[in-house]
Amino acid sequence: ISDLYQGALPLGEICGLMDADDRRMVGTVNAMEEGGMAISGAEPERLDHPAADSESKGREARLAKASAEQKRTAKEPPEDLWFWSSFSNLPKISHNANLYLRQDDIPNFLHFFFNHAIVMVGSNGKLWEHAHPDVYVECQDPDNGTAAWFTENFRNMLLTEDNDVLWLMKGTPRAWLEQGKEISVHNAPTWYGALTYTVTSDTVNGVIHACIDTPSRHTPPVMKLRLRHPEAAKIKAVTLNGGPYAQIDPDGETITFTAPSGRLEIMASYA
């Protein structure tokens, strides 16, 4: 089970022995993803939950057949296959999302995290231990391990420490910064102390505002704020506490601060 769900991926975690971008880590994630998305022909028989009706079993059988045909002919999988199957029945011991985030592969991080989070939730909002696609009944026995997996990924999406870098909003969905929306984190614990920030989108007027109260226990060596514009627009200019600021990363979405302290008032302009 450990080989199937996590393989050697823990070695690429923070403080691990290997870099997350090591080709062996990348190859392992790719192989596990491909294996996880292939649906076994026996899969429909495993769905013995009372709420699994004949229609859903029939659909799974069709997808299993399509998956087998895809593997046989090496063609692209059916369009709906990608968002139908979760990779693992036990995401709480899977490290795929963690590795995607460390590799800065945000689309795959979001796909893996949200695809699993959705199929782990019962109709009462509690988290299953095992995935139950197409079964929306109450979760009678919520699982703390799955809840911790969800909390870890949700937290890392909003703020995460990676070696000497404190990341803010490294992997948030672009839709979260559509016009008028706000992302707010209050008094969150980090390695450096409590952190509070608010980011408000005003893309109609070509700006996104951020206010950050940096941790005070220790000064982060480097802090990065990523603003994933809903239309993937690149930052043209930044003001920091009323003055011009130039440390915009090559991706055009990330602002880097060296040894930041105190309150930072930031405005990113896109015009």
Side-chain angles (χ1 to χ4, degrees), residues 83 97-98 100-118 121 125 150-162 165-216 220 222-271:
F83 285 103
N98 308 54
Y100 284 137
L101 192 63
R102 290 209 71 208
Q103 293 167 356
D104 211 9
D105 184 350
I106 304 307
N108 271 320
F109 164 75
L110 290 172
H111 165 258
F112 193 93
F113 172 44
F114 281 109
N115 210 33
H116 280 74
I118 289 169
V121 180
F150 175 88
T151 303
E152 176 190 11
N153 282 278
F154 189 75
R155 188 260 190 190
N156 289 344
M157 178 174 61
L158 292 168
L159 66 99
T160 186
E161 309 90 338
D162 195 339
V165 179
L166 175 60
W167 274 97
L168 310 186
M169 293 175 36
K170 183 176 185 179
T172 53
R174 294 193 182 279
W176 289 12
L177 283 179
E178 290 174 343
Q179 170 63 23
K181 292 186 177 180
E182 179 180 287
I183 299 174
S184 183
V185 171
H186 180 70
N187 205 30
T190 76
W191 291 349
Y192 307 100
L195 170 74
T196 294
Y197 70 79
T198 300
V199 177
T200 306
S201 177
D202 187 13
T203 54
V204 167
N205 292 304
V207 296
I208 295 177
H209 298 272
C211 179
I212 305 170
D213 289 324
T214 59
S216 58
V222 176
M223 185 175 74
K224 290 180 178 285
L225 169 66
R226 174 165 288 162
L227 302 173
R228 302 188 75 236
H229 191 281
E231 297 177 2
K234 305 303 181 185
I235 299 170
K236 302 296 185 184
V238 174
T239 62
L240 173 61
N241 294 338
Y245 189 76
Q247 292 193 45
I248 305 171
D249 287 11
D251 66 2
E253 297 189 320
T254 307
I255 308 167
T256 295
F257 305 91
T258 303
S261 62
R263 170 166 288 192
L264 308 181
E265 297 280 354
I266 302 155
M267 183 176 74
S269 301
Y270 294 85

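If you read the sequence from its start, that first residue is 1, and numbering goes on from there. All values below were derived from every heavy atom in this structure, side-chain atoms included, with hydrogens, water molecules and symmetry-related copies excluded. This one's a predicted model, so the numbers in the text were calculated from it and none came from an experiment.
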Nearest non-hydrogen partners of S261 and L264, listed with the distance
O-CD2, 3.8 Å
Do side-chain atoms of Q179 reach the backbone of V204 as a donor and acceptor pair under 3.5 angstrom?
yes
Before giving the answer on side-chain contact (heavy atoms from CB on, under 4.5 Å), spell out for W176 and M169 the whole-Å C-alpha distance, their side-chain angles and the decisive distance to 0.1 Å.
CA-CA 10 Å; W176 289 12; M169 293 175 36; over 6 Å; no
Check whether any side-chain N or O of S269 sits under 3.5 Å from a backbone N or O of A271 as a donor-acceptor pair, and report yes or no.
no
Give, for atom CD1 of I118 and atom CZ of F114, the distance between the pair rounded to the nearest 0.5 Å.
8.0 Å
Who passes salt bridge (Lys or Arg N to Asp or Glu O under 4.0 Å) against K224, sequence neighbours left out?
D249
Test N156 against N153 for side-chain hydrogen bond (donor to acceptor under 3.5 Å, both in side chains), laying out the working first.
CA-CA 5 Å; N156 289 344; N153 282 278; 5.6 Å; no
K170 and E161 ion-paired at < 4.0 Å:
no
Return the set of residues passing side-chain hydrogen bond (donor to acceptor under 3.5 Å, both in side chains) with Y245 (not counting sequence neighbours), or none when no residue passes.
Q247
How about T254 and W167: do any of their side-chain heavy atoms sit closer than 4.5 Å?
yes
Side chain to side chain, Y192 and T214, heavy atoms closer than 4.5 Å:
no
Can you tell me how far CG of L101 sits from CG of D162, rounded to the nearest 0.5 angstrom?
8.0 Å
Please tell me if the side chains of P215 and W191 come closer than 4.5 Å, counting only heavy atoms from C-beta onward.
no
Around atom CZ of R263, are there more than 12 heavy atoms of other residues, nucleotides or ligands at under 6.0 Å?
no
Between M223 and L168, the two heavy atoms sitting closest are SD-CD1, 3.9 Å
Any side-chain donor near an acceptor of the partner, R228 and T172, under 3.5 Å
no
Is there side-chain contact between H229 and L177, with heavy atoms separated by less than 4.5 Å?
no
Any non-hydrogen side-chain atom of R226 less than 4.5 Å from a side-chain atom of D104?
yes
Nearest atoms (heavy-atom pairs only) where L227 meets A268
CD1-CB, 3.7 Å
Under 3.5 Å, side chain of H116 to main-chain N/O of F112, donor-acceptor pair present?
yes
What donor-acceptor contacts under 3.5 angstrom involve side-chain atoms of residues 230-243, with partners at least two apart or in another chain?
residue, atom, partner, partner atom, Å
K234, NZ, D251, O, 3.1
N241, OD1, E265, N, 2.7

Evaluate side-chain contact (heavy atoms from CB on, under 4.5 Å) for L225 paired with F257, printing each intermediate quantity in order.
CA-CA 8 Å; L225 169 66; F257 305 91; 4.1 Å; yes
Would you name the heavy atoms of P189 and L159 that are closest together and state the gap between them?
O-CD1, 4.2 Å
For N98 and E152, does a side-chain donor sit closer than 3.5 Å to a side-chain acceptor?
yes
Less than 4.5 Å apart, any side-chain heavy atom of H186 and any of L195?
no
Please examine the side chains of D202 and T200, heavy atoms only from C-beta on, and report whether any two atoms are closer than 4.5 Å.
no
Answer whether the closest heavy-atom distance between the side chains of F109 and M157 falls below 4.5 Å.
yes
If we ignore hydrogens and angles and just use 3.5 Å, is the side chain of T198 paired with the main-chain N or O of C211 as donor and acceptor?
no
